[in-house]
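This structure is in C-alpha cells; I'll ask about it shortly.
Order of the sequence lines fixes the chain letters, A, B, ..., with proteins taken first and strands second; residue numbering starts at 1 for each chain.
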Amino acid sequence: MEAAEICGRPPDWANAVVDIASSARMGVSFMPDDSGYRSGGGVTVRTRFAPSPTGYLHIGGVRTALFNWLFARRHGGSFILRIDDTDRQRNVSEALQPILDGFRWLGLDWDEGPEVGGPHAPYFQSQRQARHAAAVERLLAGGHAYRDYATTAEIQAEREAAQRDKRRFIYSRRWMAATPAEQQAFEAEGRRAVVRLKMPREGVCAFNDQVRGPVEFDWVLEQDHVVQRADGTCLYHLASAVDDHDFGITHVIRAVEHLSNTPRQVFIARALGYDVPAYAHLPYVAEPGSAEKLSKRKVGRYLQHPDFRKLHEHGAGILAALGAAPPEAECNPLLVEFYRAVGYRPEALLNYLLLLGWSLDDRTEMFTVAEMIERFSLDRVNRSAASFDAPKLLAFEERYMQRLPAADKVAAVVPFLQRRGLLPAAPSEEDLRRVARVVAAAGERIKVAGDIVGYAEFFQPDDGFPYDEKAFRKRIAADGAAARLTRFRAALETVEPYDAEALDGAMHRFVEAEDVPIGRIIHAVRVAVTGKAVGFGLFDGLEILGRDACLARIDRALEALRRSEALEA
RNA sequence: GUCCCCAUCGUCCAGAGGCCUAGGAUUCAGCCCUUUCAAGGCUGAGACACGGGUUCGAAUCCCGUUGGGGACGCCA
C-alpha cells in the first residue's frame with residue numbers, strides 16, 4: 001500500500017478552529033445575559049466533574065469541581081457528576097461514598113449524577129459501554145478509525161526503531177486492516193484487533209481555550225490512539241468524549257494535564273459529528289513550596305515542609321484527643337476528609353480553594369458562596385500553577401471562625417465534645433450554656449471546631465483532668481507557691497459575686513497584700529484549676545467553673561503536691 | 001528525547017504601555033500591651049528570572065536564553 005494512500009488526507013474539518021465560545025472570551029464582559037449561555041439566549045451551560053471512585057476526595061480535584069460548579073451556577077446551568085469507573089469493577093459504591101459525602105459537606109450540589117439520577121442516566125461510565133461501542137462502530141464506518149492487528153511488541157519495535165533513527169514515531173499502519181480480505185487474513189494468523197483512531201497527518205488542531213486563549217497542536221504529533229481493546233472495552237478518551245456529548249456538556253473545565261489530550265478528543269467529537277464543547281484548562285495545584293503537581297501519594301514528603309507539617313500536626317492532635325484511631329483519610333491534609341474531621345468550616349476551604357488560581361481584583365479575599373457564584377468567571381483564572389499554602393488556608397479558617405455567630409460556633413463544637421465523651425448525646429440547657437461560655441471565653445483561640453478539645457478540663461470532673469507536669473513543677477512545686485495558693489484559696493471563698501470582674505479585683509488585692517508580682521500566683525492558680533500552663537483569661541475560667549469547683553481543684557492540686565513530696569522523701 | 005505550557009515579594013493573588021517609588025493577603029522580623037498563648041495592636045522587611053528588541057515610555061508587546069512544570073499507554 002502506498003504511503004500517501006495510507007495516510008490519506010485529513011478530513012476537511014480537521015483544521016477548523018473549534019471555538020464555539022470565542023465570543024465570550026473576546027467580549028469585554030462575560031455576563032450571563034450577553035454570553036448566550038442561557039436558555040433563551042441559546043445554549044444552557046452544562047459542566048461536569050468526573051471523579052473516579054478511589055475512595056478519596058483530593059483537594060486538587062475539589063478545586064476543579066468547584067470551578068465547574070461555580071461556572072454552572074453562575075450561568076444558571078447544570079452541574080453534573082459522572083463517575084469514571086471503567087477501570088474498576090469492585091466496590092464502586094463503597095469507594096464513591098466518601099467522595100459524595102465530601103461534596104455534600106462542601107455544599108457542592110449536583111443536578112444530575114449518582115443518587116440523584118437525571119435524564120441522561122446512567123451516570124456511571126461502566127454502564128455506558130454499549131454507547132461507547134456504538135460510537136466506535138460509527139468511527140469505523142466513517143473511516144475515522146481502523147482495526148489494527150499489530151501486537152504490542154510490534155508497535156514497540158517500531159517505536160524503538162524511530163527512536164534509534166532519531167525521527168518521530170509515526171505508526172506505519174502496517175497491520176491496519178483496510179479491507180475485509182485483509183481483516184480475514186490477519187485473523188487467520190490468529191491476530192486480534194484493537195481499534196485505532198485514524199488521525200490526520202497534516203494540519204493543526206486549533207481551539208480556543210477558555211483560560212489559555214488560542215492553542216494549536218500539529219496533527220502529525222498525535223498518534224493513532226487506541227480507542228477500543230480487543231475484548232471490546234473502550235478507552236477513557238473515547239468514553240469521555242461520547243459521554244460528554246450524551247450529557248450535553250457545553251464546557252469541559254479540567255486540569256491542564258488534559259490539555260495535550262484535547263486534540264484526540266476533538267478528533268473523536270468531530271468525527272462523530274458532535275458539537276465540540278468549549279475547553280478550559282485549569283492550572284494544577286502544586287505541592288507546598290514547589291511547582292510540582294500535588295500528589296496524594298507524596299504526603300510523607302510534604303510532611304517535611306514546616307508549614308504543611310504544622311497544619312497536619314494541629315489536625316492530628318485533635319484527632320488523637322478524640323480517641324479511637326481515625327481512618328487514614330482523616331489524617332491526610334490533601335484530602336477533604338481531613339478538614340471535615342478536624343472541624344474546618346467548609347466555606348473557608350471553598351474560599352481558599354477559589355483563590356488558588358482565581359481572583360476578582362487586587363484586594364477582595366472573602367467571598368460568601370453567593371458572591372463566588374455572582375463574580376466567578378473563567379477569564380480571571382490564572383494560567384500558572386499555584387502551590388498549596390497551608391498557613392493561608394488556616395488564616396481563612398480563622399477569619400471564618402471569627403465571623404461565625406456564637407450559636408453556630410457552639411453548634412459546630414458540640415459534636416467534638418460528644419465524640420470525646422465530654423457531653424451527653426442530648427446535652428441539657430445547662431451543658432450548652434457552659435459550652436457557650438467556654439467558646440466565648442476562648443474566642444479566637446478556637447480556630448477549628450475541633451480545637452474545643454483543648455478545653456476539655458471545663459467539662460471534666462474536678463479530679464478528672466491531668467496536669468501538665470512541667471507546669472506543675474514550675475508553678476506549684478515552687479518555693480512558697482503552695483502556701484500562697486492556700487492563702488489565695490481562702491480569698492476565693494469570700495469573693496462576691498463569683499464573677500470574672502470580682503475575681504480580678506480579689507486577685508489584685510491579694511498580690512498587693514502579699515507584695516508579690518501577680519505572676520507568682522496567677523500561674524499557680526491556672527495550673528491548679530485547669531492543669532495547663534496556658535489558656536484563655538484566667539478569671540473567665542474561674543467564673544465558668546464556679547466557686548465550688550475551683551476550691552475543689554485547688555485542694556486536689558495541693559494534695560497532689562503533698563503526695564509527690566512524700567514520695568520523694 | 002519529542003511536543004506543549006508557565007514565569008511579579010518565601011507563598012497566594014493584583015497589574016491588559018504612562019496611574020508602579022509595583023498594590024493586597026499570608027508568612028517572617030521588631031516593638032507595644034498583657035497573667036499565659038498558635039491572642040491583640042503598631043511598624044517594618046520582602047518581587048517584576050536574564051538578555052536583546054519595539055516605543056517618547058515596558059512588569060505589561062515581540063524574539064531569544066535560562067529555569068520550572070506537564071503530556072507523550074491496549075491508565076483514568
Side-chain angles (χ1 to χ4, degrees), chain A residues 50-54 84-88 125 148 150-152 155-156 159 162-163 166-169 192-196 209 212 215-218 220-223 225-231 233-237 239-240 255-263 281 283-284 286 288-293 306-307 310 314 352 355-366 380 382-396 398-399 442-445 447 451 454 471 475 504 507-508 511 517-527 530 532-539:
Chain A
S52 37
T54 54
D84 282 4
D85 61 344
T86 47
D87 209 26
R88 41 188 69 233
Q125 210 157 56
D148 181 54
T151 62
T152 337
I155 294 287
Q156 188 55 31
R159 197 170 259 136
Q163 211 162 49
K166 293 196 195 307
R167 60 187 162 75
R168 211 162 15 227
F169 165 62
R192 301 247 286 150
V194 298
V195 177
R196 286 183 186 276
D209 191 282
R212 312 190 156 248
V215 186
E216 277 189 15
F217 291 90
D218 285 332
V220 227
L221 267 17
E222 288 294 317
Q223 298 303 321
H225 305 284
V226 174
V227 288
Q228 188 176 43
R229 299 182 182 95
D231 68 1
T233 56
C234 293
L235 267 5
Y236 170 76
H237 292 287
S240 190
V256 245
E257 59 214 78
H258 285 288
L259 183 58
S260 49
N261 298 327
T262 307
H281 288 96
Y284 51 85
S290 131
E292 247 176 272
K293 189 169 76 174
D307 290 341
K310 203 166 137 192
H314 171 224
Y352 170 72
L355 263 23
L356 206 56
W358 180 89
S359 67
L360 176 66
D361 54 31
D362 65 337
R363 54 201 64 222
T364 318
E365 291 220 302
M366 300 289 279
R380 287 202 62 86
N382 230 69
R383 272 170 288 277
S384 46
S387 62
F388 181 80
D389 186 20
K392 188 120 187 184
L393 169 54
L394 234 198
F396 271 105
E398 278 182 58
R399 291 192 223 166
E444 294 170 6
R445 288 170 171 82
K447 299 179 194 308
D451 282 332
R475 324 270 27 171
D504 196 338
M507 170 76 76
H508 280 91
V511 295
I518 197 166
R520 300 292 277 277
I521 178 65
I522 206 157
H523 298 295
V525 175
R526 183 192 297 283
V527 174
T530 69
K532 292 178 179 158
V534 297
F536 52 73
L538 177 66
F539 305 113

Heavy-atom neighbours of A:R229 CZ exceed 12 at 6.0 Å =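 Yes.
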key: Euclidean distance for P, B:A25 against B:U43 (whole angstrom)   =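 11 Å, rounded to whole Å.
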Interatomic distance at P, B:G10 relative to B:C32, whole Å =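 Per the computed distance, 28 Å lies between those P atoms.
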task = Could you work out the separation of B:A47 and B:G23 based on their P atoms and round it to a whole Å?
result =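 Their P atoms lie roughly 11 Å apart.
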request  = Would you classify A:N382 as touching base, sugar-phosphate or nothing, given that sugar-phosphate means primed atoms plus P, OP1 and OP2, and contacts are heavy atoms under 4.0 Å?
outcome  =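 Sugar-phosphate contact only.
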message = Under 4.0 Å from OP1 or OP2 of B:C12: is there any side-chain N or O of A:S387 that close?
response =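 The answer is yes; a side-chain N or O of A:S387 sits under 4.0 Å from OP1 or OP2.
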message = Considering every strand and a 4.0 Å limit on heavy-atom distances, what is the contact class for A:A471: base, sugar-phosphate, or nothing?
response =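 The residue A:A471 makes no contact with any strand.
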key: Nearest-Å distance for atom pair CD/C1', residues A:E292 and B:C5   =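 Going from A:E292 (CD) to B:C5 (C1'), I get 16 Å.
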task = Measure from CZ on A:R383 to P on B:G70 and round the result to the nearest Å.
result =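 These atoms are roughly 20 Å apart.
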task = Using a 4.0 Å heavy-atom cut-off across all strands, classify A:R520 as base, sugar-phosphate, or nothing.
result =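 It contacts nothing in the nucleic acid.
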request  = For A:E444 and for A:N261, find the nucleotide of RNA chain B with the closest heavy atom, then tell me which residue's nucleotide is more 5'.
outcome  =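 Result of the comparison: A:E444.
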task = Look at all strands and tell whether A:H225 reaches a base, only sugar-phosphate, or nothing, counting heavy atoms closer than 4.0 Å.
result =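 No contact.
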ask   = So does A:R229 get a side-chain nitrogen or oxygen closer than 4.0 Å to the phosphate oxygens (OP1/OP2) of B:C75?
value =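 It does, given that an N or O in the side chain of A:R229 lies less than 4.0 Å from OP1 or OP2 of B:C75.
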query = With sugar-phosphate meaning primed atoms plus P, OP1 and OP2, does A:K447 contact a base, only sugar-phosphate, or nothing at under 4.0 Å between heavy atoms?
reply =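 Result for A:K447 = sugar-phosphate.
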query = At under 4.0 Å, does any side-chain N or O of A:S359 touch on OP1 or OP2 of B:A14?
reply =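 Answer is yes, contact under 4.0 Å.
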inquiry  = Can you build the contact string for nucleotides 23-36 of chain B? Use B for base contact, S for sugar-phosphate-only contact, and - for no protein heavy atom under 4.0 Å.
reply    = BBBSS-------BB
ask   = Taking N and O atoms by type only, does the side chain of A:H237 place a donor or acceptor under 3.5 Å from a partner on the base of B:A76?
value =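 When only heavy-atom distances are counted, A:H237 does reach the base of B:A76 through a donor-acceptor pair under 3.5 Å.
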ask   = Closer than 4.0 Å, any side-chain N/O of A:R380 to the OP1 or OP2 of B:C13?
value =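 For A:R380, the contact criterion (side-chain N or O under 4.0 Å from OP1 or OP2 of B:C13) is not met.
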inquiry  = Any base atoms under 4.0 Å from A:H258, or only sugar-phosphate, or nothing? Heavy atoms, all strands.
reply    =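 A:H258: base contact, heavy atoms under 4.0 Å.
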